[in-house]
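The structure appears right after this line, and notes come after that.
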Amino acid sequence: MRLLVENLQLIRNERRLFAGLNFALYSGDALVLSGANGAGKSSLLRALPGLLPLSHGKISFQLSSTAETPVEASLAENCHFLGMTDGLKPALTAGENLMFWGKMLAAGRSAQTVAAKVALARLNLATLEHTPVAYLSAGQRRRVALARLLSVERPVWLLDEPTNALDSASQTLFRDVCMSHLDTGGMIIAASHLDLALPKARTLSLDPTT
């Protein structure tokens, strides 16, 4: 698996966020985006799967076939995008939210799915499966959103401030989930103001002053 970004430029509201951006990631790689507020971290995460138009440059994503010949693939169809908002319906339970996302993300695809209760248990939320999200704390809601990453297998995780509202124990738990994903050949690109403590993760600064 390879993600190649070449000479990327992004302009929003007539302001150039960055230009000449290049990087390559492979199976098992993690990249942490750094930079001041407004540097373009969230915009880059959205541009990678096509949620924002590019001003210039190219993004290519390749999977390997059984013959290990690179095959061009859609990054949007092979990634999880988790923004700063949780994307949950307050009236639905934690389990119902995950079942909804699981069905939507797996629709028309052969990706492996995981039962909602199993995904929730990985984030220490097993006892809250039948609790409406409206009654959960901010940290619990964030963990439900993170459990979505486990509900349907997708090799690339694009994460915007994934540890928002998490206490130290939950941050450690999430780090273990990320390490498991990387150890099995997954890829992670994350924007975070906090140290995600991912060994060997590279850092890409979008601060124009660096």
(message) If we ignore hydrogens and angles and just use 3.5 Å, is the side chain of E129 paired with the main-chain N or O of A126 as donor and acceptor?
(response) no
(request) Taking the side chain as every heavy atom from C-beta outward, state whether K41 and S192 have any pair of such atoms under 4.5 Å apart. (result) no
(message) To the closest 0.5 Å, what do you measure between CZ (R148) and CG (L120)?
(response) 12.5 Å
(message) Please give me the minimum heavy-atom distance between A19 and Q9, naming the atom from each residue.
(response) CB-OE1, 3.5 Å
(request) Dump the intermediate steps for side-chain contact (heavy atoms from CB on, under 4.5 Å) on L3 and I59, then the final yes or no. (result) CA-CA 7 Å; L3 174 62; I59 299 169; 3.9 Å; yes
(message) I'd like to know if the side chain of D29 and the backbone of Y26 have a donor-acceptor N/O pair within less than 3.5 Å.
(response) yes
(request) Determine, step by step, whether R142 and D86 satisfy the salt bridge (charged side-chain N to carboxylate O under 4.0 Å, His left out) criterion, reporting the C-alpha distance in whole Å, the side-chain angles of both residues, the deciding distance to 0.1 Å, and the verdict. (result) CA-CA 6 Å; R142 192 57 171 170; D86 296 328; 2.9 Å; yes
(message) Using 0.5 Å steps for rounding, measure from the OG atom of S180 to the CZ atom of R175.
(response) 11.5 Å
(message) I need the I189 CD1 to R202 CZ distance, nearest 0.5 Å.
(response) 9.5 Å
(message) Quick check: do Q62 and M1 have side-chain heavy atoms less than 4.5 Å from each other?
(response) no
(request) Please check if F23 and V156 belong to a single hydrophobic cluster, counting links between Ile, Leu, Val, Met, Phe, Trp and Tyr side chain heavy atoms closer than 4.5 Å. (result) yes
(request) For L128 and V144, run side-chain contact (heavy atoms from CB on, under 4.5 Å): C-alpha distance rounded to whole Å, both residues' side-chain angles, the deciding distance at 0.1 Å, then the answer. (result) CA-CA 10 Å; L128 298 177; V144 173; over 6 Å; no
(request) State which residues pass side-chain contact (heavy atoms from CB on, under 4.5 Å) with N124; sequence neighbours excluded, sorted by chain then number. (result) R143, L173
(message) Can you tell me if Y135 has over 12 outside heavy atoms packed within less than 6.0 Å of its OH?
(response) no
(message) Before you tell me yes or no, could you show the steps for L196 and C178 under side-chain contact (heavy atoms from CB on, under 4.5 Å), namely the whole-Å CA-CA distance, both residues' side-chain angles and the distance that decides it to 0.1 Å?
(response) CA-CA 9 Å; L196 298 180; C178 288; over 6 Å; no
(request) Would you mind reporting whether V133 and K89 have side-chain heavy atoms less than 4.5 Å apart? (result) no
(request) State, to 0.1 Å, how close R154 and L105 come at their nearest heavy-atom pair, and which atoms those are. (result) NH2-O, 3.0 Å
(request) Locate the shortest heavy-atom distance separating S34 from S205; write the atom from each residue and the value. (result) OG-CA, 3.3 Å
(request) Answer whether the closest heavy-atom distance between the side chains of M179 and L198 falls below 4.5 Å. (result) yes
(message) Check for me, please, whether L158 and L54 land in the same ILVMFWY cluster - side-chain distances under 4.5 Å, paths through other members count.
(response) yes
(request) Give the cluster check for L150 versus L92: same hydrophobic cluster or not, with ILVMFWY residues linked at side-chain heavy-atom distances below 4.5 Å. (result) no
(message) By the definition side-chain contact (heavy atoms from CB on, under 4.5 Å), identify the one residue from V177, L166, L159, L125 that meets it with L146.
(response) L166
(message) Show the nearest heavy-atom pair for residues A119 and S151, with the distance to one decimal.
(response) CB-N, 4.5 Å
(message) Which residues end up grouped with V118 if you chain together Ile, Leu, Val, Met, Phe, Trp and Tyr wherever their side-chain heavy atoms are less than 4.5 Å apart?
(response) V114
(request) Give me the ring orientation class for W157 and H181: parallel if the planes are under 30° apart, tilted from 30 to 60°, perpendicular past 60°. (result) parallel
(message) For the SG atom of C79 and the CE atom of M187, what is their distance to the nearest 0.5 Å?
(response) 11.0 Å
(request) Examine L51 and L8 and state if one hydrophobic cluster contains both, with Ile, Leu, Val, Met, Phe, Trp and Tyr joined whenever side-chain heavy atoms are less than 4.5 Å apart. (result) yes
(request) Evaluate whether atom CZ of R46 has more than 12 neighbouring non-hydrogen atoms of other residues, nucleotides or ligands under 6.0 angstrom away. (result) no
(request) Establish whether L48 and F81 are linked, either directly or via other cluster members, by ILVMFWY side-chain heavy-atom contacts under 4.5 Å. (result) yes
(request) With side-chain hydrogen bond (donor to acceptor under 3.5 Å, both in side chains) as the test, would you mind laying out the steps for S170 and D167 before giving the verdict? (result) CA-CA 5 Å; S170 296; D167 58 23; 2.9 Å; yes
(request) Rounded to the nearest 0.5 Å, what's the gap from CG on L206 to CG on L17? Could you check? (result) 9.0 Å
(message) Between V152 and T113, is the side-chain contact (heavy atoms from CB on, under 4.5 Å) condition met? List the steps.
(response) CA-CA 4 Å; V152 177; T113 60; 4.1 Å; yes
(request) Look only at the side chain of E161 and the backbone of H193, and say whether a donor-acceptor pair between them is shorter than 3.5 Å. (result) yes
(message) Minimum heavy-atom separation for G20 and N7, please, with both atom names.
(response) CA-OD1, 3.3 Å
(message) Under the rule for side-chain contact (heavy atoms from CB on, under 4.5 Å), what residues qualify as partners of A73, not counting sequence neighbours?
(response) F61, L63, N78
(message) Quick check: closest heavy atoms across L136 and R141, and the distance to 0.1 Å?
(response) O-NH1, 2.7 Å
(request) First locate atom OG of S168, then atom CG of L194, and finally report the distance between them rounded to the nearest 0.5 Å. (result) 11.5 Å
